[in-house]
Amino acid sequence: MSAVGIDLGNDTCYVAVARAGGLEAITNDYSQRATPSYVAFGPTCRDLGTSAKNKTVTNLKNTIFNFKRLIGKRYNDPAVQNEVTYLPYVTRELPNGSIGVEVSYLGNTSVFTIQQITAMLLTKLKDITEVACKGKITDCVISVPVFL
């Protein structure tokens, strides 16, 4: 059993595995050590990581990025209101006061919470790690660097 660590950043994520007496950085499906923290929604599919970042130019309003800063915050927080002015995608206040992201996905308008967007990215990182380790990953440590 190897120890897996994920560094969840606002711009990029890194995955490393401790095994055989050392640390090994895991590369994604584009052979890059850094996986962009991007989730893109389209008319037929959802893209994560590098492929989502590549679609930013052509699908800006449905590509979600810089969302880590919004995790666990309320929509009416002054810091959130300042942050959303810089985001090209549509944000909404959900009934419980949290933040929702409105996107066009599979031909419908959908609203996802920031936690759901984060879960989508973490699932992609898990899949990348399982391919690299040639086995199922059940335990990992997630580092979420502070943002001031």
Side-chain angles (χ1 to χ4, degrees), residues 2-18 23-133 137-148:
S2 302
V4 176
I6 296 175
D7 177 33
L8 182 65
N10 193 50
D11 296 323
T12 56
C13 301
Y14 294 88
V15 179
V17 177
L23 290 175
E24 176 186 345
I26 302 296
T27 57
N28 62 18
D29 36 357
Y30 288 81
S31 298
Q32 299 170 334
R33 288 187 175 142
T35 300
S37 298
Y38 282 64
V39 178
F41 299 92
T44 59
C45 65
R46 178 183 73 188
D47 292 298
L48 302 154
T50 305
S51 63
K53 186 174 182 178
N54 292 341
K55 292 190 176 182
T56 303
V57 175
T58 59
N59 192 21
L60 185 62
K61 295 212 179 273
N62 292 311
T63 303
I64 312 305
F65 56 93
N66 287 343
F67 57 87
K68 189 190 91 164
R69 298 174 181 177
L70 305 174
I71 296 172
K73 295 189 177 174
R74 310 292 282 169
Y75 188 80
N76 58 7
D77 183 343
V80 169
Q81 290 304 306
N82 181 48
E83 188 69 32
V84 298
T85 60
Y86 299 104
L87 301 175
Y89 47 87
V90 178
T91 57
R92 297 275 182 247
E93 182 174 11
L94 298 177
N96 65 359
S98 64
I99 305 163
V101 178
E102 184 178 301
V103 295
S104 177
Y105 180 45
L106 301 177
N108 299 314
T109 300
S110 301
V111 177
F112 296 102
T113 66
I114 298 300
Q115 290 80 359
Q116 288 174 312
I117 301 291
T118 304
M120 293 173 196
L121 182 62
L122 287 171
T123 301
K124 173 68 173 177
L125 296 173
K126 178 185 175 197
D127 293 343
I128 290 169
T129 307
E130 287 179 343
V131 168
C133 293
I137 302 300
T138 56
D139 298 315
C140 76
V141 174
I142 300 175
S143 166
V144 183
V146 69
F147 169 76
L148 300 175

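Note that the numbering runs from 1 along the sequence shown for the chain.
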>> Looking at P145, is its backbone amide N or carbonyl O close enough to the side chain of K68 to form a donor-acceptor pair, meaning the two atoms are under 3.5 Å apart?
In response: yes
> Can S37 and L121 be said to form a side chain to side chain contact (heavy atoms under 4.5 Å, CB included), step by step?
Replying inline: CA-CA 7 Å; S37 298; L121 182 62; 3.8 Å; yes
>> Using only atom types and a distance under 3.5 Å, with no angle test, would you say the side chain of Q32 pairs donor to acceptor with the backbone of T27?
In response: no
> Does the side chain to side chain contact (heavy atoms under 4.5 Å, CB included) test come out yes or no for D139 and V4, once each step is laid out?
Replying inline: CA-CA 7 Å; D139 298 315; V4 176; over 6 Å; no
> Which of parallel (below 30°), tilted (30 to 60°) and perpendicular (above 60°) describes F65 and Y89?
Replying inline: perpendicular
> N108 and S110: side-chain donor and acceptor closer than 3.5 Å?
Replying inline: no
>> For the OH atom of Y38 and the CD1 atom of I117, what is their distance to the nearest 0.5 Å?
In response: 14.0 Å
> About how many Å separate OG of S98 and CD of E93, when rounded to the nearest 0.5 Å?
Replying inline: 8.5 Å
>> Treating T63 as the side-chain partner and N59 as the backbone partner, does any N or O pair qualify as donor plus acceptor under 3.5 Å?
In response: yes
> Do K124 and D29 come within less than 4.5 Å of each other through their side chains, counting heavy atoms only?
Replying inline: yes
>> If I take atom CG from residue L70 and atom OG1 from residue T113, how far apart are they, to the nearest 0.5 angstrom?
In response: 11.5 Å
> Does any N or O in the side chain of E130 come within less than 3.5 Å of the main-chain N or O of I137, such that one atom is a donor and the other an acceptor?
Replying inline: yes
> Nearest heavy-atom pair of N62 and S104: which atoms, and what distance?
Replying inline: OD1-N, 2.8 Å
> Any side-chain heavy atom of N66 within less than 4.5 Å of one from D11?
Replying inline: yes
> So V39 and F112, side chain to side chain contact (heavy atoms under 4.5 Å, CB included) or not? Walk me through it.
Replying inline: CA-CA 11 Å; V39 178; F112 296 102; over 6 Å; no
> If you look at every heavy atom in P88 and K61, which pair is closest and at what distance?
Replying inline: O-NZ, 3.6 Å
> Parallel, tilted or perpendicular for Y105 and F41, by the 30°/60° rule?
Replying inline: perpendicular
> Passes side chain to side chain contact (heavy atoms under 4.5 Å, CB included), V80 versus R74? Steps please.
Replying inline: CA-CA 7 Å; V80 169; R74 310 292 282 169; over 6 Å; no
> How long is the gap from CD1 on I128 to OG1 on T123, to the nearest 0.5 Å?
Replying inline: 11.0 Å
> Looking only at heavy atoms, which two atoms of I71 and T118 are closest? And how far apart?
Replying inline: CD1-OG1, 3.5 Å
>> Restricting to non-hydrogen atoms, name the atom on I6 and the atom on C140 that form the minimum distance, rounded to 0.1 Å.
In response: CD1-SG, 4.2 Å
>> I need the T44 OG1 to L106 CG distance, nearest 0.5 Å.
In response: 7.5 Å
> Within the side chain of D47, is there an N or O that forms a donor-acceptor pair under 3.5 Å with the backbone of A40?
Replying inline: no
>> With a 4.5 Å cut-off on side-chain heavy atoms, are Y75 and Q81 touching?
In response: yes
>> Give me the atom names and distance for the closest heavy-atom approach of T35 to G49.
In response: CG2-CA, 3.8 Å
> Of the non-hydrogen atoms in Q116 and V111, which two are nearest, and what is the gap between them?
Replying inline: OE1-O, 4.3 Å
> Rounded to the nearest 0.5 Å, how far apart are CG of N28 and OH of Y14?
Replying inline: 10.5 Å
